[in-house]
2 protein chains.
Amino acid sequence: MALAKQINPLPNVSCQRCAIKPLCLPVSLAESEIEYLDGIIHRNRPLRKDNHLFRAGDPLTSLYAIRSGSIKSYTISMDGEEQVTGFHLAGEVIGLDAVHNGNHPSFAIALETTTVCEIPFEQLEELSSFIPGLRKQLLRVMSREIYDDQSLMLLLNKRNAESRIAAFLVSLSSRCSRRGFSPTEFKLPMTRADAGNYLGLTIETVSRILSRFNKQGMIQIQGKYLKILDLESLQMLAGGSCDFCAI
Amino acid sequence: MALAKQINPLPNVSCQRCAIKPLCLPVSLAESEIEYLDGIIHRNRPLRKDNHLFRAGDPLTSLYAIRSGSIKSYTISMDGEEQVTGFHLAGEVIGLDAVHNGNHPSFAIALETTTVCEIPFEQLEELSSFIPGLRKQLLRVMSREIYDDQSLMLLLNKRNAESRIAAFLVSLSSRCSRRGFSPTEFKLPMTRADAGNYLGLTIETVSRILSRFNKQGMIQIQGKYLKILDLESLQMLAGGSCDFCAI
DNA sequence: AACCACCTTTGACTTAAATCAAAGTTGCTC
DNA sequence: GAGCAACTTTGATTTAAGTCAAAGGTGGTT
């Protein structure tokens with residue numbers, strides 16, 4: 001089906017020719033600077049579904065930029081329950097929350113076959129000392145994550161189940177769009193349970209509300225395949241324009 | 001009363017002799033490096049209660065390190081409602097969420113008379129290019145904020161009202177402690193409404209649960225003055241040891 | 001292609017926290 | 001220090017989402 005046409009960069013394409021360069025660390029770097037960055041990056045073989053990229057407690061050795069596919073971040077709480085902390089798509093850099101004490105606080109697992117660029121953190125840090133654009137982009141990426149987390153916090157704090165799910169769909173839509181995919185037709189890479197866990201809702205609530213949106217004609221959903229028929233209404237429900245598109 | 005003995009550094013004390021140096025940017029910098037940092041910092045006169053440090057939409061010119069007092073961050077949602085995004089104490093650096101696009105996404109207002117160090121961002125960024133320890137600490141501070149936000153997200157997502165309030169008190173306690181104050185006896189700088197807003201609870205729920213903790217003998221609360229009598233029970237309620245102390 | 005494990009949907013009932021309402025406090029201003 | 005506005009507490013009622021339960025789908029494996 002058309003939806004399966006995911007970004008599939010050649011396994012060892014350089015940053016220079018990478019499809020998601022404009023979303024990733026090389027943004028605004030000169031060609032020569034990108035070569036330095038290229039030089040420290042490892043491009044390993046794809047990670048298969050349900051395999052871990054890293055685990056909570058692992059020492060931070062590298063950050064990871066997702067080239068294609070999707071990653072779920074989660075922690076395990078005191079009582080052994082899984083707590084989904086994020087879903088990450090191509091162009092997103094993960095592992096940043098490990099910088100403060102040198103250990104990953106969360107697990108990262110592939111939701112589908114996923115390729116990542118491994119960026120050794122120490123080397124990246126050194127490189128950033130003489131590439132101002134890289135230093136700035138690293139700060140920007142981290143700042144953006146702080147901003148996004150705070151937006152999500154507000155969503156969880158103030159919005160009802162309907163709003164949260166609408167915002168979630170709108171967020172996925174706009175992220176697909178930025179990556180050159182259709183904003184109205186895509187596959188949800190996560191289960192209802194994962195989505196619910198992330199949004200602070202039960203699986204039953206997620207299912208009920210998706211069914212409702214479906215009946216109301218705002219979306220067409222069948223299993224993991226989603227078609228958004230009325231993006232504007234979803235945006236309205238989500239709490240207006242793009243305040244929460246950031247999750 | 002004893003609780004009023006807040007940190008009151010001399011208005012123009014240098015980083016070198018600042019009481020909260022170990023919590024702030026200068027941590028692990030050499031004396032000569034701290035002098036550079038000192039050179040770019042502005043130490044303005046104290047900010048009085050209810051005055052804004054910056055407003056949402058303001059261009060990012062400086063980050064601010066709190067020297068004494070406390071700051072509330074908040075945004076205004078589409079529907080005009082205030083949304084508290086954080087409370088900040090001495091030693092914390094605010095404004096980091098503005099780096100990604102150069103504009104502050106939130107308001108910052110003083111909850112009491114507060115002194116801050118103004119750190120011009122461009123100059124800080126330049127300084128960090130030749131002070132590796134400063135660059136690392138800046139990354140660490142941002143990473144820590146990402147981590148803290150995610151911890152808070154989990155709290156809001158998975159915990160009931162009792163847990164949230166317990167975690168909130170434990171967090172304040174441990175933050176007071178790190179700053180050299182009593183971990184069991186301090187003043188809540190925010191109103192019940194602000195605390196509730198932040199925790200995704202109504203003012204009535206906050207009040208009820210504080211009353212309950214009081215009756216159960218875990219705390220002694222009178223107005224804004226709090227004495228924690230059984231920190232361990234609070235930590236238990238908060239969801240175990242220090243997972244959520246980070247909020 | 002049949003089986004099975006896992007995922008999803010739907011319905012009935014329960015519950016934690018919100019809302020509505022009103023009284024009680026606190027502390028600032030004149 | 002009296003008056004008042006803002007904050008806080010407490011109680012009664014409502015409601016959104018959770019829980020429990022069971023049926024219906026889906027897709028991967030042999």
Side-chain angles (χ1 to χ4, degrees), chain A residues 1 3-4 48-50 72 79 81-84 109 111-113 155-169 187-216 219-226 237, chain B residues 1 3-4 48-50 72 79 81-84 109 111-113 155-169 187-216 219-226 237:
Chain A
M1 65 293 300
L3 293 167
R48 307 285 281 286
K49 184 174 150 92
D50 293 331
K72 172 178 83 169
D79 46 13
E81 223 188 324
E82 183 172 317
Q83 322 238 358
V84 176
I109 192 170
L111 290 172
E112 59 195 310
T113 300
L155 186 73
L156 297 174
N157 225 344
K158 314 284 178 189
R159 298 283 167 179
N160 62 17
E162 199 177 53
S163 262
R164 292 185 208 184
I165 292 176
F168 182 63
L169 298 181
K187 185 182 165 179
L188 301 173
M190 73 293 292
T191 65
R192 305 280 191 275
D194 281 340
N197 186 313
Y198 177 63
L199 294 170
L201 301 171
T202 59
I203 182 173
E204 294 96 328
T205 299
V206 173
S207 182
R208 267 186 257 274
I209 287 175
L210 287 177
S211 295
R212 192 155 86 221
F213 287 174
N214 195 60
K215 270 192 208 97
Q216 293 170 341
I219 64 173
Q220 216 172 284
I221 191 157
Q222 183 181 6
K224 298 216 179 307
Y225 292 95
L226 176 73
L237 276 179
Chain B
M1 69 289 305
L3 292 168
R48 308 284 283 284
K49 185 175 151 91
D50 293 332
K72 173 178 83 170
D79 47 12
E81 222 189 324
E82 184 173 317
Q83 321 238 359
V84 176
I109 194 171
L111 290 172
E112 59 195 310
T113 300
L155 186 74
L156 297 174
N157 225 343
K158 314 284 176 186
R159 298 283 165 177
N160 63 15
E162 200 176 55
S163 263
R164 292 185 207 183
I165 292 175
F168 182 63
L169 298 181
K187 185 182 165 178
L188 300 173
M190 74 292 292
T191 65
R192 304 281 193 274
D194 282 340
N197 187 313
Y198 177 63
L199 294 170
L201 302 172
T202 59
I203 181 174
E204 294 96 328
T205 299
V206 173
S207 181
R208 267 186 256 275
I209 287 174
L210 288 177
S211 295
R212 192 156 83 221
F213 287 174
N214 194 61
K215 270 191 209 99
Q216 293 169 341
I219 63 174
Q220 215 171 285
I221 191 159
Q222 183 180 6
K224 299 214 178 308
Y225 291 95
L226 175 73
L237 275 179

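The sequence lines fix the lettering, A, B, ..., with proteins before strands; numbering per chain opens at 1.
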message = So, does B/Thr205 get its side chain near the phosphate of C/dA16, meaning an N or O under 4.0 Å from OP1 or OP2?
response = no
inquiry  = Just so I know, are the side chains of B/Leu169 and B/Leu210 near enough to count as touching, which here means a heavy-atom distance under 4.5 Å?
reply    = yes
query = From C/dA16, D/dT9, C/dT10, pick the nucleotide closest to the side chain of A/Ser211?
reply = C/dT10
request  = Verify, without hydrogens or angle tests, whether A/Ser207 (side chain) and A/Ile203 (backbone) share a donor-acceptor contact under 3.5 angstrom.
outcome  = no
task = Specify the separation, in whole Å, of atom CD of B/Glu82 and atom P of D/dA6.
result = 15 Å
message = Considering every strand and a 4.0 Å limit on heavy-atom distances, what is the contact class for B/Leu210: base, sugar-phosphate, or nothing?
response = nothing
inquiry  = With a 4.0 Å cutoff (strictly under), does any side-chain N or O of B/Thr191 reach OP1 or OP2 of D/dC7?
reply    = no
inquiry  = Using a heavy-atom cut-off of 4.0 Å across all strands, would you classify B/Gly200 as base, sugar-phosphate, or nothing?
reply    = sugar-phosphate
ask   = Atom CD1 of A/Ile209 to atom P of D/dA17: distance rounded to whole Å?
value = 6 Å
task = Indicate whether OP1 or OP2 belonging to C/dT19 is found under 4.0 Å from a side-chain N or O atom of B/Thr202.
result = no
request  = Starting from P on C/dC7, measure out to NZ on A/Lys49 and report it in whole angstrom.
outcome  = 8 Å
ask   = Side chains of B/Arg212 and B/Glu162: does their closest heavy-atom pair fall under 4.5 Å?
value = yes
request  = Could you tell me whether a side-chain N or O of A/Arg192 sits under 3.5 Å from a main-chain N or O of A/Thr205, the two making a donor and an acceptor?
outcome  = no
request  = Would you indicate, yes or no, if C/dT9 has its OP1 or OP2 atom less than 4.0 angstrom from a side-chain nitrogen or oxygen of A/Ser207?
outcome  = yes
remark   = Whole-Å distance, B/Asn160 CG to D/dG18 P, equals 13 Å
Protein-nucleic acid N or O pairs under 3.5 Å, nucleotides 20-23 of chain D:
{"from": "D/dC20", "atom 1": "N4", "to": "A/Glu204", "atom 2": "OE2", "distance (Å)": "3.0"}

Value in whole Å for how far the P atom of D/dT8 lies from CG of B/Leu226 = 13 Å
message = From CZ of B/Arg159 over to C1' of C/dA16, roughly how many Å is that when rounded to an integer?
response = 16 Å
key: Nucleotide D/dA16, atom C1' - distance to CZ of A/Arg212 in whole Å   = 10 Å
ask   = What are the two closest non-hydrogen atoms of B/Asn197 and A/Asn157, and how far apart are they?
value = O-ND2, 3.6 Å
query = Atom CG of A/Leu201 to atom C1' of C/dT9: distance rounded to whole Å?
reply = 16 Å
inquiry  = Are the side chains of A/Gln222 and A/Asn214 in contact, using a 4.5 Å heavy-atom criterion?
reply    = no
message = Using the rule given for salt bridge (charged side-chain N to carboxylate O under 4.0 Å, His left out), can you reason through A/Glu112 versus A/Lys224, listing the C-alpha separation, both sets of side-chain angles and the distance that settles it, and then say yes or no?
response = CA-CA 13 Å; A/Glu112 59 195 310; A/Lys224 298 216 179 307; over 6 Å; no
ask   = Closest to the A/Lys224 side chain: C/dT8, C/dA18, D/dT10?
value = C/dT8
